[in-house]
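Working notes, structure below.
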Amino acid sequence: MLDIKFIRENPKIVKQGILNKNEKDTVDEILEADRERRKLLVTVEELKAKRNKVSQEVGRLKKAGENADDIVAEMKQVSEDIKQLDEQLRSVDEKLKELLLWVPNLPHSSVPVGKVGKDETSNVEVKQWLPEGFLFENEEPILDHIELGKKFNILDFERGAKISGSGFPVYIGKGARLERALINFMLDYHLDKHGYTEIIPPLLVNRDSMRGTGQLPKMQDDMYHVEKDDLYAIPTAEVPITNMHRSEVLSESELPINYTGYTPCFRREAGSYGKESKGFLRVHQFNKVEMVKFVKPETSYDELNNLVSDVEDILHELKIPYRVLELCTGDLSFAAAKCYDIETWSPAEKKWLEASSCSNFENFQARRANIRYRKDEDKKLDFIHTLNGSGLATSRLMVSILENYQTPEGKVIVPKVLQSYTGFNIIG
RNA sequence: GGAGAGGUGGCAGAGUGGUUGAAUGCAACGGUCUUGAAAACCGUCGUACGUGCAAGCGUACCGAGAGUUCGAAUCUCUCCCUCUCCGCCA
């Protein structure tokens, strides 16, 4: 959520940011509601001040045994007016809040501006890393991850569709073990090498949590919702973990807070059928190790770099070719001010696949979720900055691992760092 | 699912419907004392919004919402949450 004062004072900047993000510009509507709200507020507060004052006077008069009927009658009318104005105010207030919830975060000034219209072509590749001996062109025929999954009986998309519907993969035997190895390896690495604290959060969360991180109201249709209890299945561990500190005041000395956690993630992906939807490329349930940071505002861009570097470490260990993209304004998510995507290479698709997204939300989520810290220097409260990054999503990563680690003999080698976790070195 | 108890400031804990934003204690912060520290003593010590160049002023907030009243932390109703016990269950 943006600060209404900031919008009031910088409408042009806000409008430009919204335009660059291809979101709906409601700034004028907001300013109008804000003006109306303040006008009503001044009027009603003056009346309330009067009521408070006179009511005290009534008390004094009655105590002294004097008659107060006249001013009581007058105050009765004032109270009636207050009641009406309060009702108007409440309605304007609600409208304003709703409008504000739909305003996206503004892109950081360093973010490349995309062309008008939803556009990812202005994303900038800032880095590419390839393991030793890697070639983009393979001499031997390459099987894609679906064929490999079938061949070794380690992945079963058809049975997943039978059990739940398409997009719910089943992992079998060595596939399941490899998946679990990957999760454990990544978690252990972040804990031991990067110093994160592990969280196992709830997978169903309430409305306030979804609003806090910015999924609601915009992404309503993309989420699984348990109607009976009004709970949402998490689309990412970002939601429960960031909301751990919702409505809390943290002390400066405990920042930065670095959490990591593994959870399944659930996404309805409404309306996305047909587009890159085969196998693991787009699923309704997948596994992800997530990293979440709560930091002081002045450190958040350094922390964003740390986040990307923590993801890269994992890929170096796994020896998976990847590239880092700096997203342009048109490709930035609703809540992000700046974001790097990390994409891993799929030799069968001959494509880069998004396996991680590292974002700085600045104080956008902190405002929505009311997460603040008390500064040492002046003891004042301020919003913290939140960041998160996938470290990483196993589905896309699994595609890259299976496809990149194929041997000419038609087997798949388990990446070295995972072997102690899997207990086997080869599939097939 | 059934029964009961409770929700007040960072915490603990008062609060006959009328200078109560809220006693008191602890914690925290500043100071005096001390070679230093502790103790003791003195002082400060909520947040948000609005308004003003500013000092300031105003309003709201005692789980949430509605009601009674000139006036509600205090009375009434509804809801939410937490805890305890019983039942069911992994």
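Within every chain, numbering begins at 1; the chains are lettered A, B, ... in the order of the sequence lines, protein sequences first and strands thereafter.
- When Watson-Crick and G-U wobble pairs are counted only if both distances are under 3.5 Å, rG87(B) pairs with no nucleotide at all.
- Of the candidate nucleotides rC70(B), rG58(B), rA48(B), rA48(B) has the atom nearest to the side chain of R372(A).
- Looking at the side chain of K48(A), the nearest of the listed nucleotides rC70(B), rU51(B), rA60(B) is rA60(B).
- At the phosphate of rU47(B), OP1 or OP2 sits under 4.0 Å from a side-chain N or O atom of R374(A).
- Only one option out of K296(A), K380(A), R372(A) pairs with E252(A) in a salt bridge (charged side-chain N to carboxylate O under 4.0 Å, His left out); it is K296(A).
- As judged by a 4.0 angstrom heavy-atom cut-off over every strand, K5(A) is placed among residues touching the sugar-phosphate backbone only.
- At least one side-chain heavy atom of F286(A) sits less than 4.5 Å from a side-chain heavy atom of R267(A).
- Minimum interatomic distance between N287(A) and P264(A) (heavy atoms only, all atoms of both residues): OD1-CA, 3.8 Å.
- The pair K39(A)-E36(A) does not count as a salt bridge, with every side-chain nitrogen at least 4.0 angstrom from each carboxylate oxygen.
- Residue R60(A) has no polar side-chain atom (N or O) positioned under 4.0 Å from OP1 or OP2 of rU19(B).
- Looking at heavy-atom distances under 4.0 Å, R8(A) makes contact with sugar-phosphate atoms alone, never a base.
- Using a 4.0 Å cut-off between charged nitrogen and carboxylate oxygen, D34(A) and R38(A) count as a salt-bridge pair.
- The side chain of R90(A) sits closest to rA66(B) out of rC49(B), rA66(B), rU59(B).
- Contact check, K83(A) against rG67(B): a side-chain N or O comes under 4.0 Å of OP1 or OP2.
- Using the Watson-Crick or G-U wobble rule with both distances under 3.5 Å, rG46(B) pairs with rC61(B).
- As judged by a 4.0 angstrom heavy-atom cut-off over every strand, V42(A) is placed among residues touching the sugar-phosphate backbone only.
- Dashed line: the shortest gap from a side-chain N or O of N52(A) to OP1 or OP2 of rU59(B) is under 4.0 Å.
- For E45(A) and rG58(B), a side-chain-to-base donor-acceptor distance below 3.5 Å is present, hydrogens and geometry of angles not being considered.
- Base pairing annotation: rC81(B) forms a Watson-Crick or G-U wobble pair with rG6(B), both donor-acceptor distances under 3.5 Å.
- Here S79(A) reaches the OP1 or OP2 of rG71(B): one of its side-chain N or O atoms lies under 4.0 Å away.
- Residue R51(A) is classed as a sugar-phosphate contact, given heavy-atom separations below 4.0 Å to backbone atoms only.
- Within the 4.0 angstrom heavy-atom criterion, base atoms lie near K62(A).
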